Amino acid sequence: MSGIASMVRQRCSEPDISARSVLVTVLGDSVLPVTKTLWLSSLFELAEPFGFSERLVRTSMFRLVAEGWMSNERIGRRSRYSMTLLAVRESEDADRRIYSKESGSWDGSWTFAVVDTPSISTNERDRIVKHLRWHGFVALGRGLMASPSAGVSSLRELLHLVQPVAAVPIGTSEFDELDGLVEEGYFADVFRTADTETAYGRFLSRYEPWSSRDIETAAPLEAYALRTMLVHELRRIRLRTPDIPPELLPPEWIGDLAYDIAADLYSRLSRSAARALSQILEVDYPATMPKRFGA
């Protein structure tokens with residue numbers, strides 16, 4: 001077993017990695033760019049480099065169907081999965097947060113949602129909060145979720161997909177004396193910046209060494225597996241971290257270095273990975289994915 005193959009399997013055997021979550025990365029990173037449907041047999045092939053058994057893949061997909069992320073249909077003796085509108089919407093938003101570096105100026109406004117109201121049940125609130133966090137919202141107080149990047153219209157669309165019958169008050173606002181709050185460390189506490197720096201440090205220790213290796217010659221299936229794990233671990237950080245405007249980040253932010261390392265490795269792995277994905281998905285898979293890491 002090569003260095004890439006053994007590293008990927010070892011990483012996927014560790015307790016903080018779940019098959020369900022890795023499969024979500026596979027669907028968003030490798031499948032959705034070319035199709036919204038997938039045969040179960042193809043998914044077994046995509047899952048094999050990570051050491052996931054067919055039983056574990058079935059269980060993981062059953063959970064994704066129950067969560068409203070996938071739908072399933074039987075065609076003869078075969079099973080075909082399709083990504084739901086919610087899955088497509090969340091994957092597209094995840095693309096922006098994973099593959100793009102934050103840039104441009106922020107106007108200081110926040111979009112917020114009040115999720116702790118008498119008309120919203122506990123289960124509805126928990127589901128809404130889970131999805132809002134996925135989209136970069138942060139809790140500014142009890143029942144108050146806010147984002148400095150999402151707009152009102154996109155928030156309204158998301159809430160309709162996540163919990164269409166819940167009446168969630170939404171609006172926009174700004175902080176008074178923003179510079180003072182930054183200096184006092186308010187946003188560092190709200191965004192848990194120190195925890196994020198630690199997570200990026202672990203990411204760099206695991207993937208920066210690959211920058212000096214000849215990964216362009218990796219076998220197609222191994223290139224796909226390493227690229228997937230690279231994206232998966234970057235995704236775990238960026239989707240668990242609220243959207244943070246550059247104005248609120250510390251100088252020489254470690255996340256920028258992590259992004260640059262990921263961009264370099266992703267580009268160098270993609271041509272070989274495309275050959276494996278072309279065969280498994282039975283499509284002419286692009287060697288370069290537009291709008292990813294500046295491509």
Side-chain angles (χ1 to χ4, degrees), residues 15-29 31-32 36-38 43 56-73 81-98 110-173 190-192 195-196 199 231-232 234-244:
D16 64 318
I17 297 289
S18 74
R20 172 197 165 280
S21 185
V22 172
L23 290 176
V24 167
T25 299
V26 169
L27 292 167
D29 184 62
V31 177
L32 184 59
K36 295 181 179 64
T37 64
L38 182 68
L43 192 58
L56 185 54
V57 171
R58 290 180 188 273
T59 300
S60 299
M61 296 306 291
F62 178 81
R63 288 183 58 193
L64 290 174
V65 170
E67 293 168 7
W69 224 73
M70 302 292 292
S71 62
N72 182 27
E73 62 178 328
Y81 286 89
S82 300
M83 300 183 76
T84 63
L85 288 175
L86 175 61
V88 172
R89 170 72 169 79
E90 294 202 325
S91 293
E92 290 174 347
D93 189 72
D95 280 4
R96 174 186 64 80
R97 302 187 63 210
I98 296 168
W110 293 71
T111 298
F112 64 85
V114 181
V115 298
D116 192 9
T117 69
S119 64
I120 299 176
S121 70
T122 300
N123 288 338
E124 288 175 334
R125 183 193 64 218
D126 291 347
R127 177 174 168 81
I128 291 169
V129 168
K130 171 186 174 182
H131 286 272
L132 289 182
R133 288 189 184 279
W134 178 283
H135 287 264
F137 280 70
V138 64
L140 292 181
R142 177 177 173 82
L144 180 64
M145 303 295 295
S147 168
S149 61
V152 168
S153 59
S154 64
L155 172 57
R156 186 176 292 113
E157 178 188 355
L158 174 63
L159 290 171
H160 179 72
L161 288 172
V162 172
Q163 204 68 44
V165 299
V168 181
I170 62 177
T172 59
S173 186
V190 167
F191 294 133
R192 300 177 66 181
D195 292 345
T196 303
V231 171
H232 180 66
L234 184 67
R235 165 183 169 264
R236 277 156 50 97
I237 301 172
R238 291 174 80 92
L239 296 190
R240 291 178 180 178
T241 304
D243 274 345
I244 310 175

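In this text, all values refer to a predicted model and were calculated from it rather than measured experimentally.
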key: Test log, rule side-chain contact (heavy atoms from CB on, under 4.5 Å), inputs His135 and Arg89   = CA-CA 10 Å; His135 287 264; Arg89 170 72 169 79; 3.6 Å; yes
Val115/Leu132 under side-chain contact (heavy atoms from CB on, under 4.5 Å): CA gap, chis, key distance, verdict = CA-CA 10 Å; Val115 298; Leu132 289 182; 4.3 Å; yes
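Atom-to-atom distance recorded for Leu86:CG and Glu90:CD is 4.5 Å, nearest 0.5 angstrom. Atom CG of residue Leu23 and atom OG1 of residue Thr59 lie 11.0 Å apart, to the nearest 0.5 angstrom. Atom CZ of Arg235 is separated from atom OG1 of Thr25 by 3.5 Å, given to the nearest 0.5 angstrom. Expressed to the nearest 0.5 Å, how far NZ of Lys36 lies from CG of Leu27 amounts to 13.0 Å. Atom CG of residue Asn72 and atom CG of residue Leu64 lie 11.0 Å apart, to the nearest 0.5 angstrom. Interatomic distance, NE2 of His131 versus CD of Glu67, reported as 7.5 Å (0.5 Å rounding).
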Could you tabulate the donor-acceptor pairs under 3.5 Å formed by side-chain atoms of residues 150-170, not counting sequence neighbours?
| from | atom 1 | to | atom 2 | distance (Å) |
| --- | --- | --- | --- | --- |
| Ser154 | OG | Gly151 | N | 3.3 |
| Ser154 | OG | Gly151 | O | 3.0 |
| Gln163 | OE1 | Arg127 | NE | 3.4 |

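At least one side-chain heavy atom of Trp110 sits less than 4.5 Å from a side-chain heavy atom of Val138. Side-chain contact between Ser91 and Met83 is present, with at least one heavy-atom pair separated by less than 4.5 Å.
Under a 3.5 Å cut-off, the side chain of Thr84 and the backbone N or O of Trp69 do form a donor-acceptor pair. Here the side chain of Arg125 pairs no donor or acceptor atom with the backbone of Ile120 at under 3.5 angstrom.
Of the charged side-chain nitrogens involved, at least one lies within less than 4.0 Å of a carboxylate oxygen, so that Arg236 and Asp16 count as a salt-bridged pair.
Nearest heavy-atom pair, Ser21 versus His232, reported as atom, atom and distance to 0.1 Å: OG-CE1, 3.0 Å. Across Met61 and Met70, no two heavy atoms sit closer than the pair CE-CE, 3.9 Å. Shown here for Asp116 and Gly143, the closest heavy-atom pair between the two residues is CB-CA, 3.5 Å. The minimum heavy-atom distance linking Leu140 with Ala146 is given by the pair CD1-CB, 3.4 Å.
Other residues, nucleotides and ligands contribute over 12 non-hydrogen atoms within 6.0 Å of the CZ atom of Arg20.
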